[in-house]
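The structure under discussion appears below in the form of structure tokens.
Throughout, numbering of the chain's residues begins at 1 and tracks the sequence.
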Amino acid sequence: MSLSLHQIAIPTLLRGLRQLGHVLEIGARHAAEHGIDPATLVQARLAPDMLPLSAQIQRASDTAKGTGERLSGVPSPRLADTETTFDELQARLAATVSYLASLTPEQVDAGSEREITLKFGKLGTRFNGADYLLQFGLPNFHFHVATAYDILRNQGAPLGKLDYLGAIGTPISE
């Protein structure tokens with residue numbers, strides 16, 4: 001059995017974005033229940049040299065959109081990175097989900113051999129579409145999703161592993 005790029009990329013990104021929205025809901029509820037200014041959580045960091053929660057959400061969104069665009073060739077929505085509230089971050093996730101859900105398997109799968117070049121300042125790297133997805137797109141996406149989860153967990157939000165993973169497998173009964 002073989003899997004297509006679409007089968008690997010799109011459901012994985014959509015699931016991660018939806019779970020990230022769930023994690024944000026728990027963070028917002030935690031702030032409300034404990035009298036914490038939501039802005040404190042939105043700007044929280046794990047370390048002084050790391051990006052805050054808002055930027056982790058923006059990077060997860062950008063990586064998901066960019067992966068979809070690079071593989072499919074379909075332009076993604078441009079979002080301004082100006083979100084400062086839980087509601088604005090949720091709206092960003094919703095826009096990203098909407099874009100990814102619009103991509104067809106044919107569009108995404110057409111990118112398997114497309115050359116993708118990334119530039120990081122003076123450095124750059126080149127991939128084909130499949131290698132980009134597996135070596136950069138998905139790992140970078142999961143880094144930012146996990147870091148957002150970790151920030152809220154570090155700030156006391158009552159998050160557990162299943163809040164990150166979501167529903168898993170098919171339930172069995174004994």
Side-chain angles (χ1 to χ4, degrees), residues 1-28 46 50-79 81 83 86 88-120 125-154 157 159-172:
M1 175 180 124
S2 63
L3 293 171
S4 71
L5 280 186
H6 185 275
Q7 288 173 304
I8 296 167
I10 302 305
T12 302
L13 295 169
L14 289 173
R15 179 185 179 96
L17 291 166
R18 289 181 178 125
Q19 287 312 119
L20 190 51
H22 172 70
V23 166
L24 289 178
E25 288 172 7
I26 292 172
L46 285 178
M50 291 183 75
L51 295 171
L53 176 65
S54 59
Q56 299 298 336
I57 303 301
Q58 292 160 353
R59 298 314 179 277
S61 165
D62 288 344
T63 300
K65 296 184 300 124
T67 296
E69 181 173 340
R70 288 179 181 105
L71 294 177
S72 71
V74 176
S76 63
R78 301 295 171 235
L79 304 173
D81 292 347
E83 297 85 6
F86 280 109
E88 290 171 348
L89 292 169
Q90 290 283 14
R92 183 188 186 102
L93 293 178
T96 307
V97 164
S98 179
Y99 165 72
L100 290 172
S102 76
L103 301 176
T104 67
E106 296 78 18
Q107 290 169 323
V108 174
D109 294 342
S112 67
E113 294 303 320
R114 179 177 289 125
E115 183 176 292
I116 296 172
T117 302
L118 296 180
K119 299 234 179 212
F120 305 101
T125 190
R126 192 172 297 133
F127 306 91
N128 68 31
D131 288 343
Y132 163 80
L133 176 65
L134 297 173
Q135 294 175 20
F136 183 80
L138 290 177
N140 192 54
F141 173 74
H142 287 296
F143 171 83
H144 292 292
V145 173
T147 302
Y149 169 97
D150 293 341
I151 290 170
L152 287 173
R153 182 74 178 100
N154 180 262
L159 292 163
K161 187 174 185 177
L162 290 180
D163 294 310
Y164 177 87
L165 292 176
I168 53 174
T170 303
I172 56 173

Is the backbone of Val145 close enough, under 3.5 Å, to the side chain of Gln56 for a donor and an acceptor to pair up by distance?
no

Look at the side chain of Arg114 and the backbone N and O of Arg70, then say whether any donor-acceptor pair between them is shorter than 3.5 Å.
yes

Do Arg59 and Glu83 meet the salt-bridge criterion of a basic N to acidic O distance under 4.0 Å?
no

Test your reading of the model: is there a side-chain donor-acceptor pair from Ser102 to the backbone of Tyr99, 3.5 Å cut-off?
yes

CZ/Arg126: more than 12 non-hydrogen atoms of other groups inside 6.0 Å
no

Does Ser61 reach the side chain of Leu79, with side-chain heavy atoms less than 4.5 Å apart?
yes

So which atom in Asp163 and which in Val23 form the shortest heavy-atom distance, rounded to 0.1 Å?
O-CG2, 3.8 Å

Once you round to the nearest 0.5 Å, how far does CZ of Arg18 lie from OG1 of Thr96?
11.5 Å

When you measure from the side chain of Asp109 to the backbone N and O of Glu106, does any donor-acceptor pair fall under 3.5 Å?
no

Taking the basic N atoms (NZ, or NE/NH1/NH2) and the acidic carboxylate oxygens, is any pair closer than 4.0 Å for Asp62 and Arg92?
yes

Checking Gln135 side chain against Tyr132 main chain: does a donor-acceptor pair fall under 3.5 Å?
no

Where Ile151 and Leu51 come nearest, the two heavy atoms and their spacing
CD1-O, 3.9 Å

Assess, by modelled atom type and distance only, whether the side chains of Gln107 and Ser72 contain a donor and an acceptor separated by less than 3.5 Å.
no

Which class fits the ring pair Tyr149 and Tyr164: parallel under 30°, tilted 30 to 60°, perpendicular over 60°?
perpendicular

Starting at CD1 of Ile57, measure out to NE2 of His144 and round the result to the nearest 0.5 Å.
10.5 Å

Quick check for you: to the nearest 0.5 Å, what is the distance between Ile8 atom CD1 and Leu13 atom CG?
11.0 Å

Between the side chain of Gln7 and the main-chain N/O of Ser4, is any donor-acceptor distance below 3.5 Å?
yes

How long is the straight-line distance from CZ of Arg153 back to NZ of Lys161, given to the nearest 0.5 Å?
13.5 Å

With a 4.5 Å limit on heavy-atom distance, are the side chains of Leu152 and Ile26 in contact?
no

Return the OG1 to NE2 distance between Thr12 and His6, rounded to the nearest 0.5 Å.
10.5 Å

Which distance, rounded to the nearest 0.5 Å, do you find between the NZ of Lys65 and the CG of Leu17?
11.0 Å

May I ask you to test the Leu53-Leu24 pair for a side-chain heavy-atom distance under 4.5 Å?
yes

